[in-house]
Amino acid sequence: MNPFIIVAIIIFFILAALVLTNIRIVPQSKAFVLERLGAYYQTWDTGLHVKIPFIDRIAKTVSLKEQVVDFKPQPVITKDNVTMQIDTVVFFQITDPKLYCYGVESPISAIENLSATTLRNIIGELELDSTLTSRDTINAKIRVILDEATDPWGIKVNRVELKNIIPPREIQDAMEKQMKAERERREAILRAEGEKQSRILVAEGHKESKILEAEAEKQSAILRAEAVKEAKIRESEGEALAIRTVQEAQADAIKLLNDANANDAVLKIKAMEAFAKAANGQATKIIIPSEIQSVAGLAEGIVESIKK
């Protein structure tokens, strides 16, 4: 084979390898910082890019995602001279890859030191109780200061959180005792409230029972009165009916006598029967009208019969 052809083939493969090795695909949420002859040239965004061999160099690959850095606990002193350990968590995002690469030598270390300094300044103005109850305020102050300080570095601080606040052991013991006492106090209050509610419910139940008993007694008395009233009405109606029946019977008897054209003797005997009934077995004397003296013997017999 011709030596020139072999050399051409070799050169072709070398050039192809150079081209292939200098083609870069930038993925999503990434950015490549490109230098040309040692100086910043441009920032590659997502897509296909080709750099010049031996001239261009990818200085840094930067992630554009939000990142989280957990810094170790830092000793801080409160306004009332209590030393405690506080560790922070910083959420940040790179907004300018060029400034991030060339703005500061070690961005993460710089953020950590700045965070510790800012934390000491803020906590130094607060007492222990305020520090323990003002996390949101402290977080907001640190975030504003860090975001302003890191802006020349192409970094945006989105959020800062105080992960742990660890006071001295004696302070922790005192706080635990205070919390225990508070829990016991609340428990006693709840127990007293429960007993009070129980007594109220018992009293309400007793009151309701008495009311129901009174209502039942009232209804019973009303029913008894209604029964007595009804009995008297029935008794009166019975007596009236009996009287009416007797009167009707007597009227019927008189009518029958009239219809039968009874003579004087029969009428006189009926009169004697009426006198006998009037005596009712208790009278010792019966005065006989003059109209029936002719039947005196009969009257004497009736009297003797009544006496017996």
Side-chain angles (χ1 to χ4, degrees), residues 1-75 85-122 138-164:
M1 182 179 289
N2 192 332
F4 292 104
I5 296 176
I6 296 174
V7 172
I9 293 173
I10 293 173
I11 293 174
F12 173 76
F13 279 107
I14 292 174
L15 292 175
L18 287 174
V19 171
L20 292 175
T21 55
N22 286 277
I23 295 176
R24 291 289 186 271
I25 298 176
V26 180
Q28 183 71 31
S29 70
K30 295 284 186 180
F32 289 177
V33 177
L34 187 69
E35 292 181 352
R36 176 165 292 179
L37 299 176
Y40 171 78
Y41 177 63
Q42 63 180 185
T43 300
W44 286 351
D45 297 324
T46 304
L48 180 65
H49 300 273
V50 178
K51 67 183 181 66
I52 301 174
F54 310 112
I55 296 177
D56 294 340
R57 182 181 72 90
I58 297 175
K60 196 173 188 64
T61 301
V62 178
S63 175
L64 301 179
K65 297 179 181 178
E66 185 175 31
Q67 301 178 50
V68 182
V69 180
D70 187 357
F71 299 131
K72 62 182 181 180
Q74 301 289 332
Q85 300 286 328
I86 300 178
D87 57 341
T88 56
V89 179
V90 178
F91 298 80
F92 70 93
Q93 189 173 10
I94 299 172
T95 57
D96 191 329
K98 177 184 176 182
L99 295 178
Y100 180 74
C101 290
Y102 302 104
V104 64
E105 181 63 29
S106 299
I108 303 301
S109 179
I111 293 175
E112 181 179 7
N113 292 327
L114 182 59
S115 174
T117 304
T118 305
L119 184 63
R120 290 190 182 99
N121 292 335
I122 294 175
I138 297 172
N139 294 338
K141 289 182 177 180
I142 296 176
R143 190 203 69 80
V144 171
I145 295 174
L146 289 183
D147 186 43
E148 183 179 355
T150 58
D151 187 63
W153 306 340
I155 298 173
K156 177 175 178 55
V157 177
N158 296 327
R159 195 163 66 257
V160 177
E161 297 290 342
L162 299 185
K163 186 177 179 181
N164 289 313

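If you read the sequence from its start, that first residue is 1, and numbering goes on from there. The shown structure was predicted, so the numbers you read here are calculated from the model rather than taken from an experiment.
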Side-chain donor or acceptor of D87 paired with backbone N/O of K72 under 3.5 Å = no

Got a sec, which residues hit side chain to side chain donor-acceptor pair (under 3.5 Å) with D96, two or more places apart in sequence or on another chain?
-> none

Output yes when a side-chain donor or acceptor of Q93 lies under 3.5 Å from a complementary backbone atom of L64, and no otherwise.
-> yes

How long is the gap from CG on L34 to CD1 on I52, to the nearest 0.5 Å?
-> 9.0 Å

Mind listing the closest non-hydrogen atom pair of P27 and I25 along with its distance?
-> CD-O, 3.4 Å

Listed once per pair and sorted, the salt bridge (charged side-chain N to carboxylate O under 4.0 Å, His left out) pairs that draw on residues 99-122, sequence neighbours left out = none

With the side chain counted from C-beta on, respond yes when P73 and N164 share a heavy-atom pair under 4.5 Å apart, and no when they do not.
-> no

Taking C-beta and beyond as the side chain, do Q74 and I86 meet within less than 4.5 Å on heavy atoms?
-> no

Heavy-atom side-chain contact between V89 and F91 under 4.5 Å = yes

Start with the C-alpha gap between V69 and I111, add the side-chain angles, then the distance that decides, and say whether side-chain contact (heavy atoms from CB on, under 4.5 Å) holds.
-> CA-CA 9 Å; V69 180; I111 293 175; over 6 Å; no

Taking only residues two or more places apart in sequence or in another chain, which ones pass side chain to side chain contact (heavy atoms under 4.5 Å, CB included) with S106?
-> S109

How about L119 and I138: do any of their side-chain heavy atoms sit closer than 4.5 Å?
-> yes

At their closest point, which heavy atom of L99 faces which heavy atom of G154, and how far apart are they?
-> CB-N, 3.6 Å

List in chain and number order the residues that pass side chain to side chain donor-acceptor pair (under 3.5 Å) with T46, two or more places apart in sequence or in another chain; answer none if no residue qualifies.
-> none

Closest heavy-atom contact between F71 and V90?
-> CE1-CG2, 3.5 Å

Taking only residues two or more places apart in sequence, or in another chain, which ones meet E66 in a side chain to side chain donor-acceptor pair (under 3.5 Å)?
-> N158

Quick one: does L37's side chain get under 4.5 Å of I55's, heavy atoms only?
-> yes

K98 meets the salt bridge (Lys or Arg N to Asp or Glu O under 4.0 Å) criterion, sequence neighbours left out, with none

How long is the span from the CD1 atom in I94 to the SG atom in C101, to the nearest 0.5 Å?
-> 8.0 Å

Those residues at least two apart in sequence (or on a different chain) that pass side chain to side chain contact (heavy atoms under 4.5 Å, CB included) with V50 are I23

Test item: T61 side-chain N/O and F32 main-chain N/O as donor-acceptor pair under 3.5 Å | no

Any chance you could measure Y102, atom OH, to Y40, atom OH, to the nearest 0.5 Å?
-> 7.5 Å

In Å, rounded to the nearest 0.5 Å, how long is the span from OH of Y100 to OG1 of T150?
-> 11.5 Å

Audit row: K156, D151, side-chain contact (heavy atoms from CB on, under 4.5 Å) steps and yes/no = CA-CA 6 Å; K156 177 175 178 55; D151 187 63; over 6 Å; no

Let me have the donor-acceptor pairs involving side chains of residues 139-146, under 3.5 Å, with sequence neighbours excluded, atom names and distances please.
unit_1: N139; atom_1: OD1; unit_2: L162; atom_2: N; d: 3.1
unit_1: N139; atom_1: ND2; unit_2: R135; atom_2: O; d: 3.1
unit_1: N139; atom_1: ND2; unit_2: E161; atom_2: OE1; d: 3.2
unit_1: R143; atom_1: NH1; unit_2: V157; atom_2: O; d: 3.3

For residues 46-66, which residue pairs qualify under ring pair (Phe, Tyr, Trp, His ring centres under 6.0 Å), counting only residues two or more places apart or in two chains?
-> W44-H49

Under the side chain to side chain contact (heavy atoms under 4.5 Å, CB included) rule, collect the residues that match up with N121, sequence neighbours excluded.
-> T117

Between A149 and L114, which heavy-atom pair has the shortest distance, and what is it?
-> CB-CD2, 3.1 Å

Quick one: salt bridge (charged side-chain N to carboxylate O under 4.0 Å, His left out) pairs with a partner in residues 20-49, sequence neighbours left out?
-> E35-R57, R36-D56

Listed by chain and number, what are the side chain to side chain donor-acceptor pair (under 3.5 Å) partners of K51, not counting sequence neighbours?
-> N22

